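Computed from a prediction, not measured in an experiment: that's the story for all the values here. One is the number of the first residue; the rest follow in order along the sequence. Every number for a ligand or one of its atoms is a count from 1 in the order of the listing.
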Amino acid sequence: MINIAILGLGTVGGGVAEVVEKNQNEIKKSLGDNLHVKYILDIRDIPGVVKDINVIVNDPDVKVICETMGGKEPAYTYTHLALEHGISVCTSNKELVDAHGVELSEIARAHNCSYLFEASVGGGIPILRSLRESCGHEKISYIAGILNGTCNYILTNMKAGKDFNTALKEAQEKGFAERNPAADVEGHDTARKIAILASLVSGKKFSYEQVNCEGITKITQDDFVEAERNKMSIKLLGVYDAENNSVNVAPYLIPENHILYGVNDVFNGIFVKGNQIDNLMFYGRGAGKLPTASAVVSDVIECAKNIGRNVNNNFVDLPLAEVNKIPENNSGFKFRVLN
Ligand SMILES: NC(=O)c1ccc[n+]([C@@H]2O[C@H](COP(=O)([O-])OP(=O)(O)OC[C@H]3O[C@@H](n4cnc5c(N)ncnc54)[C@H](OP(=O)(O)O)[C@@H]3O)[C@@H](O)[C@H]2O)c1
């Protein structure tokens, strides 16, 4: 039996406990052993929950920790401490991965454990493992992703005739959007995710601050009428272009014949071009309790299969990328057009 701990029993952390419980048989099949949640750490007074990280990191039985608290602190300090104790950490925390992912990955390597973050991009979509494992030998030239379910839900509803505020309110009522939706609608969430993807495939560290970022707040109903007239839809994309050495987030016009055109509602879609494999498309739930937790558990299993060893996560020894400004929009439209 492999003992694990969960830091932060919120949406994702609660989902991890549920997936470990409900999919015991499947986990055993994949890992060849059972997973057991030995500790849960949370700030709230919940029976059985611990408050002191030292209890967890000083227990030699704990082999993997799931950091599902979010934010930079104390997530950074706790992750650092766990890795220094040789305990692998799996996280859904894109903010921390973007800001300190390289440093934490190098600490993991130095202590023969792992730092994995499948759930930080694309929720339940197994995009990072596919890129670093199945496509690790590919030269990835281009990634275009619908990476924020809240924005995609709003844009899908605007296409159907609703205005921005009504669509946003509906997303909040359904629990898709935060009460403060700025990180989603201003594109910052997408920027963190495309920066992580670009770093993973390029061998250089792209950071969120380097992403040229425009959100969806200026899109109007008239824009959708015009897009429809030209047989296109409007989607917020995070785009990495290896040839231009650029990363940007902006609303794009997607032609009807492009595979991203049909990615609607809260779903995410990630379109990837490799030099040998050609075009790939990943589609699925980019957020939500169980899909995101499923991605965390996939990392836990990989760590548990490699106890005492470091899993290469493509996030070590990365020099900071020198990012170019994205080329002018010469499409003749208000928005860029996806080719
Ligand atoms: N929700 C999703 O669908 C989703 C998808 C992909 C990635 N993520 C990422 O996953 C992370 C967690 O998101 P979430 O939606 O699960 O958030 P959440 O529901 O707010 O859960 C976070 C949990 O951590 C607890 N916590 C906060 N600070 C703590 C501290 N100092 N010590 C101990 N516990 C603490 C929170 O307690 P309180 O409630 O008392 O603050 C809460 O129980 C974030 O980085 C998020 O971006 C989420």
Side-chain angles (χ1 to χ4, degrees), residues 5-19 37 39-57 65-82 89-101 104 115-128 145-153 171-172 174-184 186-197 208 238 265-268 270 282 284-300:
I6 299 171
L7 312 184
L9 191 68
T11 305
V12 181
V16 170
E18 198 174 323
V19 172
V37 180
Y39 297 104
I40 291 172
L41 177 145
D42 201 277
I43 208 164
R44 291 167 296 160
D45 291 317
I46 309 169
V49 156
V50 300
K51 305 244 171 188
D52 183 0
I53 185 69
N54 291 298
V55 172
I56 299 173
V57 297
I65 287 178
C66 305
E67 185 276 291
T68 51
M69 290 185 293
K72 284 196 189 139
E73 281 296 352
Y76 169 76
T77 303
Y78 289 2
T79 302
H80 202 293
L81 199 60
V89 177
C90 307
T91 188
S92 54
N93 186 342
K94 64 215 123 187
E95 193 181 347
L96 191 62
V97 174
D98 171 65
H100 295 291
L104 293 169
Y115 183 58
L116 299 182
F117 39 86
E118 181 63 66
S120 67
V121 180
I125 304 172
I127 179 74
L128 303 190
I146 296 171
L147 295 164
N148 184 278
T150 304
C151 289
N152 208 34
Y153 180 86
Q172 286 169 322
K174 290 191 172 173
F176 303 144
E178 307 277 333
R179 236 170 300 141
N180 177 1
D184 291 326
E186 301 291 351
H188 304 305
D189 177 78
T190 301
R192 287 200 169 90
K193 292 168 178 170
I194 194 67
I196 293 171
L197 286 172
Y208 151 73
D265 294 312
V266 291
F267 284 91
N268 282 194
I270 306 158
F282 299 84
R285 292 195 181 273
K289 180 179 178 174
L290 295 175
T292 309
S294 176
V296 176
V297 172
S298 76
D299 280 348
V300 173

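For Asp52, the CG atom sits in a packed shell: over 12 heavy atoms of surrounding residues, nucleotides or ligands are nearer than 6.0 Å.
Here Asn268 contributes atom CG and Phe282 contributes atom CZ; the two are 13.0 Å apart, rounded to the nearest 0.5 Å. Between the CG atom of Leu81 and the CD1 atom of Ile56 there is a distance of 10.0 Å, given to the nearest 0.5 Å.
Ring geometry, His80 versus Tyr76: the interplanar angle exceeds 60°, so the pair is classed perpendicular (tilted spans 30 to 60°).
Within 4.0 Å of ligand 1, heavy atoms belong to protein residues Gly8, Leu9, Gly10, Thr11, Val12, Leu41, Asp42, Ile43, Arg44, Thr68, Met69, Gly70, Pro74, Ser92, Asn93, Lys94, Ala119, Ala287, Gly288, Thr292.
Considering only residues two or more places apart in sequence or on other chains, Val266 meets the side-chain contact (heavy atoms from CB on, under 4.5 Å) condition with Tyr153, Phe176, Arg285.
Between the side chain of Asp189 and the backbone N or O of Ala183 there is no donor-acceptor pair closer than 3.5 Å.
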